[in-house]
Each structure stands twice: as structure tokens, then as C-alpha cells.
Amino acid sequence: LQDLTTGANNVAVGWSALEHQTTGGGNVAIGPQALRWTAGTTGNIGIGFLALRGPNDLNVLTGEYNVAIGTSSLNRLTSGDENIAIGRFNSAQVSNGVGNVSVGSWALYQDTTATTNAVFGHRAMEYTNAADGNVAIGYWALRGSSGAYVTGDLNIAVGRSAGESLTTGSQNIIIGYNADAFTPTTSHEITLGDTADKSFRIPGSSFYINDGSEGTTGTKVGINTSTP
């Protein structure tokens, strides 16, 4: 708080925490360099080494009402508002994203402009670019890769590695371990399970899709029988 002038109700604990804050109020910075490079920001909470630090003295944090908990979480944010990042390196490259909720180490790591994503899981949505409105729940869900970033919007992926290979596809629902869309660019598709799943049933409705018995592959549909 060495540069504070008229700011009020700020809390700073740790070396260089809120060091360059001048006029903003209601911020909490706990940890070395937490909220270090700021300019009149309000209502931010940064807990952890480099949490919500701001990039540098020429590109400072002006965003408001963000929460970052964990080493380097949201540490390059500038103008983004109302983001929540919990976990080591969570949302570490996000600069002007708005309204993201991300929980898990390295989750939503690479995206600079991500907006309104809900991400829960270790490295979920790690390699994305300008991806908006997605829901990723599970370890590596919608992760992408360093050579094939996820840029699609409005996808829902639930399960370990669900939607991991998706790139430009949008508005998909992908549920299950290793489940993925038909292609990385597929849009408007619902996928349940991966290629190892061989039958589908709704027990309460006695509805089955299989061939011969439960757990075998096929194309037959049965109602009130599990062996169509």
C-alpha cells in the first residue's frame, strides 16, 4: 500500500501486496505481490503468491470485483470484471475476460478473453482461445491441446476428459468418461459415452438400445425387454 492516496478499506498482507494501489477501495490482497500492479480498482480479492498481480507497471489491473485464490491465479488480468478463479495458475493468462467461474489448478489457463465460462476440474479448458459460455466439469474436460485450442462456444462437457478433442465445435453436449464429439469441429450434437459404451437404457421406462443382451453392441431398440 505504499502508493495509496485516497483509497479506503483495503487490506494488504505480504511483500508488495497492493503496492501501487492509489484510489480504489474494498480490496483484499494476501500474499507476496498479490494485487501489486493496480490502479484505482475496487472490490477485488487476491489470496496467494502473485494472485491478481496485474501484468506490469505499464499494463495494470483496472478490473473490479474479481476473486483469485491460489498461486498466480488471474495474475495477468487487466480490465476483466467479476471473475472467480480458485487453484494454482487458474485463469493465469486471462486479461480481459468477464464473468468466468473456474476451479482447479491450470483450469482456463491459456485463454485471454474468455467470458462467462463455468469450469470445474484440474486442467479443464486449459487450452482455449476466446471460448465463451462453456461448461466443463471434470479432469481435462474440454481441455484442448497446445496445437489445437478450443475456440467453440456454448458447449457442455461433463466427465473426465469429456470433449477433450473439441476445437471449433459449438453448442454440443458431451457426457461421460472420454466422451467426444464426432469430430473436433462438430456442432449441435449430443454425445453420451465413448466408443467403449455398448448399450443405452432407461430402467424406469424399460427402454433399451442393444443387440441380444445388455452390454453388447448393436442397433436394436427394445421396450419392456432388455433383449430386443
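Between the side chain of Asp194 and the backbone N or O of Gly176, no donor-acceptor pair lies under 3.5 Å. A side-chain donor-acceptor contact under 3.5 Å links Asn44 to the backbone of Gly63. Between the side chain of Gln21 and the backbone N or O of Thr41 there is at least one donor-acceptor pair closer than 3.5 Å. Ser187 places a side-chain N or O within 3.5 Å of a backbone atom of Ser170 that can act as its donor or acceptor partner. Listed for the Asp132 side chain is no donor-acceptor partner under 3.5 Å among the backbone atoms of Asp153.
Once rounded to the nearest 0.5 Å, the distance linking CD1 of Ile69 with CD1 of Ile45 reads 7.5 Å. Between Thr112 atom OG1 and Asn129 atom CG the span is 6.0 Å, to the nearest 0.5 Å. One distance of note links CG of Leu74 with CD of Gln93; it measures 11.0 Å at 0.5 Å rounding. Separation of atoms OG1 (Thr42) and CD (Glu64) is listed at 4.5 Å; rounding is to 0.5 Å. Of the inter-residue distances, the one linking Ser105 atom OG with Asn90 atom CG reads 7.5 Å to the nearest 0.5 angstrom.
In this structure Asn155 satisfies the side chain to side chain donor-acceptor pair (under 3.5 Å) test together with Asn134, Asn172, sequence neighbours excluded. A search for side chain to side chain donor-acceptor pair (under 3.5 Å) contacts involving Ser72 returns nothing, not counting sequence neighbours. Residues that satisfy the side chain to side chain contact (heavy atoms under 4.5 Å, CB included) test with Thr185, not counting sequence neighbours, are Thr167, Thr168, Thr183. For Thr116, the side chain to side chain donor-acceptor pair (under 3.5 Å) test picks out no residue, with sequence neighbours left out. Among residues two or more places apart in sequence or in another chain, the side chain to side chain donor-acceptor pair (under 3.5 Å) test is passed with Asp180 by Ser165. A search for ring pair (Phe, Tyr, Trp, His ring centres under 6.0 Å) contacts involving Phe89 returns Trp106, not counting sequence neighbours.
For Ala29 against Leu35, the heavy-atom pair with the smallest separation is CB-CD1, 3.6 Å. Heavy-atom minimum distance, Ala114 versus Asn117: CB-ND2, 3.5 Å. For the pair Ser161 and Asn178, the tightest heavy-atom approach, listed with the atom from each and the gap, is CB-OD1, 3.3 Å. The shortest non-hydrogen separation linking Ala181 to Ile174 is N-CD1, 3.9 Å. Between Gly40 and Thr23, the shortest heavy-atom distance links the atoms CA-OG1, 3.5 Å. In this structure, Gly87 and Ser73 approach most closely via the heavy-atom pair O-CB, 3.6 Å.
The stretch residues 31-50 participates, sequence neighbours left out, in these salt bridge (Lys or Arg N to Asp or Glu O under 4.0 Å) pairs: Glu19-Arg36. Screening residues 32-83 for ring-ring contact (aromatic ring centres under 6.0 Å, His included), with sequence neighbours left out, gives His20-Trp37. Applying the side-chain hydrogen bond (donor to acceptor under 3.5 Å, both in side chains) test to every pair with at least one member in residues 75-84, sequence neighbours left out, gives these pairs: Asn66-Asn83, Asn83-Asn100.
Val28 and Val67 fall within the same hydrophobic cluster, defined by Ile, Leu, Val, Met, Phe, Trp and Tyr side-chain heavy atoms under 4.5 Å apart, directly or through other members. Note: the hydrophobic cluster containing Ile137 also contains Ile156 (ILVMFWY, side chain heavy atoms under 4.5 Å, direct or indirect links).
Between Phe120 and Val101, the closest side-chain pair of non-hydrogen atoms falls below 4.5 Å.
Taking a 4.5 Å side-chain heavy-atom cut-off between Ile, Leu, Val, Met, Phe, Trp and Tyr, the cluster of Val98 contains only that residue.
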Only distances under 3.5 Å count here; give the side-chain donor-acceptor pairs of residues 138-150 to other protein atoms, sequence neighbours excluded, each with its distance to 0.1 Å.
unit_1, atom_1, unit_2, atom_2, d
Arg143, NE, Glu126, OE1, 2.8
Arg143, NH2, Glu126, OE1, 3.1
Ser145, OG, Ala148, N, 3.2

Counting only pairs under 3.5 Å, give me each side-chain donor-acceptor contact of residues 50-61, with atom names and distances, residues two or more places apart or in other chains.
unit_1, atom_1, unit_2, atom_2, d
Arg53, NH1, Gln33, OE1, 3.4
Arg53, NH2, Pro55, O, 3.2
Asn56, OD1, Leu58, N, 2.9
Asn56, OD1, Asn59, N, 2.9

